[in-house]
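Working notes for the structure below.
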Amino acid sequence: MIGVIIAGGPGTRLHPLTYCRPKHLLPLGNRAFLEYQVALLRRHGIAEVVVATSYLAEQIEAHFGDGSRFGVRMRYAVEREPLGTGGAIANAAGPVAGAALVLNGDILTDFDLAAMLRGHRDRGACATIALRRVRRPHGFGALTLDGAGSVTQWREPSEEAKRLAAAHTGPLEEASDLINAGIYALEPPALEAIPRGRASSIEREVFPALIASGAGVAGHEGQGYWMDIGRPAQYLAASAAVLGRAVASDVDATAVNASARLAPDSSLDSLTSVGAGSSVGAGSRVTASIILDNAVIGERVQLDGTIVDTGVRIGDDVTARPGTVLAAGTIVGRGSRL
C-alpha cells in the first residue's frame, strides 16, 4: 500500500501566509506541516509516499527530496492543471497496481491509521473513510452509517456553505455528527472508479457514485486529535496543539529555534513559537502566537494570538489583538495598535 498526500491547493484561505509558500510548508513547532503527515504515515507502516502537488510544487520537492531524511521513499505527481481531489488521487496513484492510503494535505491528526486499515481489511471494503464526530458539522461533508458501519449517505456542502459555517459563532449543536476526516483507504476498484483525463471531486462525485452502486464503502470513526488547518485561526490552534503536546507525533518540534534571540526580560508563553533568525525585544510579551523566520519584534510589544510572517519588523510599543496576521515583509511603526 502506498500513501498519497493531496497537497496541490493554493491555500487561499490562509492568505497572506501562502502568497510565497504552499500551506503544506507552513511551520508548526519550527517544522514544516507536511512533515507531520509523512511521520504519521511512516508510523503506521507506509514506506512509500506520493505527494500530489501543483502550487509551488518545487518548494515541496526541494524540502523533502527523495524522502530518505524522513524515513520513507517519496515521489511527486505534479498537476499541470487543476484536477480536483479525485483527479489528484488518480494522477498520484498512476496505473492501479495496489491499494492507497490517502490524506488530505491540510489535516493535523494522530488517528490510529493501522486500526483503520485493520477494519478496512476485515470488512473487505472497497473504500474506507475516516470519520470525526463533531457538534458543528455544517462546514464539512457529513456521513450517515448503517448498523454495520457502511456509508449510506454523504452530504457535502457547497463551498459557499462552508464559508458561512466557518464564520458561524453561535451555540454548538446538541447532537453530534460524523464528518469526513479527509483520510481514505482505497482498493484498486475504488481507484479505478475515478475518472481519468479530467478534473473530478472524490467527495462530490466518486464516493457518492460508489455508495450508490453498493460497492462497499465503510466508515471508521477515528479517535484522537484532528484539525483542518485551512484558516489562520486553525493554524494557530494546530500550532498550540503541537507545542502543548495535544497531538501525538514523532516529529521533533521546538518552540524557539536555536538561532532566535530573546531579550532576557521578554516573556513568551509555552504556546508561542519563534522561527530561525527572529528576535524579541526587551519587555515584550507574546502569547499563543506564531513568529516565523527573520522577524524583528521591538521592545514592549504585546502580541496575543498573532501570526508574524517572515521578515516582518515590528517597532516598539506595538499592540496586536488576537487574530492579527502580518504578511511577509510588513513594517509596523512604533506605537501602532493592530
Side-chain angles (χ1 to χ4, degrees), residues 1-9 24 34 36-38 40-46 48-52 77 83-94 96-133 140-145 149-156 178-196 199-224 226-228 230:
M1 175 175 277
I2 64 170
V4 173
I5 301 175
I6 305 173
H24 315 92
L34 199 60
Y36 293 85
Q37 293 197 320
V38 171
L40 180 69
L41 291 170
R42 185 187 66 233
R43 174 190 284 191
H44 294 289
I46 304 298
E48 181 178 355
V49 178
V50 185
V51 186
L83 293 174
T85 50
I89 294 168
N91 188 48
V96 178
L101 182 59
V102 179
L103 273 68
N104 282 351
D106 51 7
I107 54 172
L108 175 68
T109 186
D110 56 12
F111 280 2
D112 186 345
L113 303 185
M116 174 183 169
L117 291 175
R118 283 195 299 272
H120 171 75
R121 290 163 179 151
D122 289 347
R123 291 174 57 87
C126 174
T128 296
I129 303 165
L131 307 175
R132 175 71 169 175
R133 192 172 295 276
F140 303 93
L143 286 76
T144 302
L145 304 182
S150 295
V151 179
T152 58
Q153 186 180 19
W154 183 305
R155 305 184 304 280
E156 184 72 18
L178 291 170
I179 65 165
N180 168 26
I183 305 172
Y184 317 122
L186 303 177
E187 294 296 325
L191 293 168
E192 290 167 354
I194 302 172
R196 264 49 178 187
S200 65
S201 168
I202 192 82
E203 302 89 353
R204 292 188 172 86
E205 183 177 354
V206 179
F207 279 134
L210 287 172
I211 294 165
S213 73
V217 178
H220 175 87
E221 185 175 350
Q223 303 296 324
W226 183 90
M227 174 65 69
D228 175 342

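Since this is a predicted model, take the numbers as computed values, not measurements.
Trp226 approaches Ala181 most closely through the heavy-atom pair NE1-O, 2.9 Å. For the pair Glu187 and Ala125, the tightest heavy-atom approach, listed with the atom from each and the gap, is CG-O, 3.4 Å. The minimum heavy-atom distance linking Ser150 with Arg123 is given by the pair OG-NH2, 2.9 Å. What you find for Ile2 and Ala93 is that their closest heavy atoms are CD1-CA, 4.4 Å. Residues Glu205 and Ser200 share a closest heavy-atom pair of OE1-CB, 3.4 Å. Here the shortest heavy-atom pairing between Val4 and Ala92 reads CG1-CB, 3.7 Å.
At a threshold of 4.5 Å between non-hydrogen side-chain atoms, the residues Leu101 and Ile183 count as touching. Between Asn180 and Glu203, the closest side-chain pair of non-hydrogen atoms falls below 4.5 Å. Between Leu40 and Leu103, the closest side-chain pair of non-hydrogen atoms falls below 4.5 Å. In this structure the side chain of Ile107 reaches within 4.5 angstrom of the side chain of Gln37, judged on heavy atoms. Within the 4.5 Å cutoff, side-chain heavy atoms of Leu117 are placed close to those of Met1. Looking at heavy atoms from C-beta onward, Glu221 lies in side-chain contact with Arg133 at the 4.5 angstrom threshold. Contact annotation: the side chain of Asp112 approaches that of His44 to within less than 4.5 Å [non-hydrogen atoms, C-beta and beyond]. Taking 4.5 Å as the limit, some side-chain heavy atom of Ile5 sits within range of a side-chain heavy atom of Leu41.
Checked by atom type and distance alone, the side chain of Thr128 never pairs as donor or acceptor with a backbone atom of Ala185 at under 3.5 Å. In this structure, Thr85 contributes its side chain and Ser201 its backbone to no donor-acceptor pair below 3.5 Å.
With sequence neighbours excluded, the residues satisfying salt bridge (Lys or Arg N to Asp or Glu O under 4.0 Å) with Arg43 are Asp250. Tyr184 pairs by the ring pair (Phe, Tyr, Trp, His ring centres under 6.0 Å) definition with Phe207, not counting sequence neighbours.
Put simply, CE on Met227 and CG on Asp106 are 12.0 Å apart, with the number rounded to the nearest 0.5 Å. The line from CG of Leu108 to CG of Leu34 is 11.5 Å long, rounded to the nearest 0.5 Å. Expressed to the nearest 0.5 Å, how far CD1 of Ile129 lies from NE2 of His220 amounts to 12.5 Å.
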Tell me which donor-acceptor pairs under 3.5 Å the side chains of residues 189-196 have, and how far apart each pair is, sequence neighbours excluded?
residue : atom : partner : partner atom : Å
Arg196  : NH1  : Leu191  : O            : 2.6
Arg196  : NH1  : Ile194  : O            : 2.9

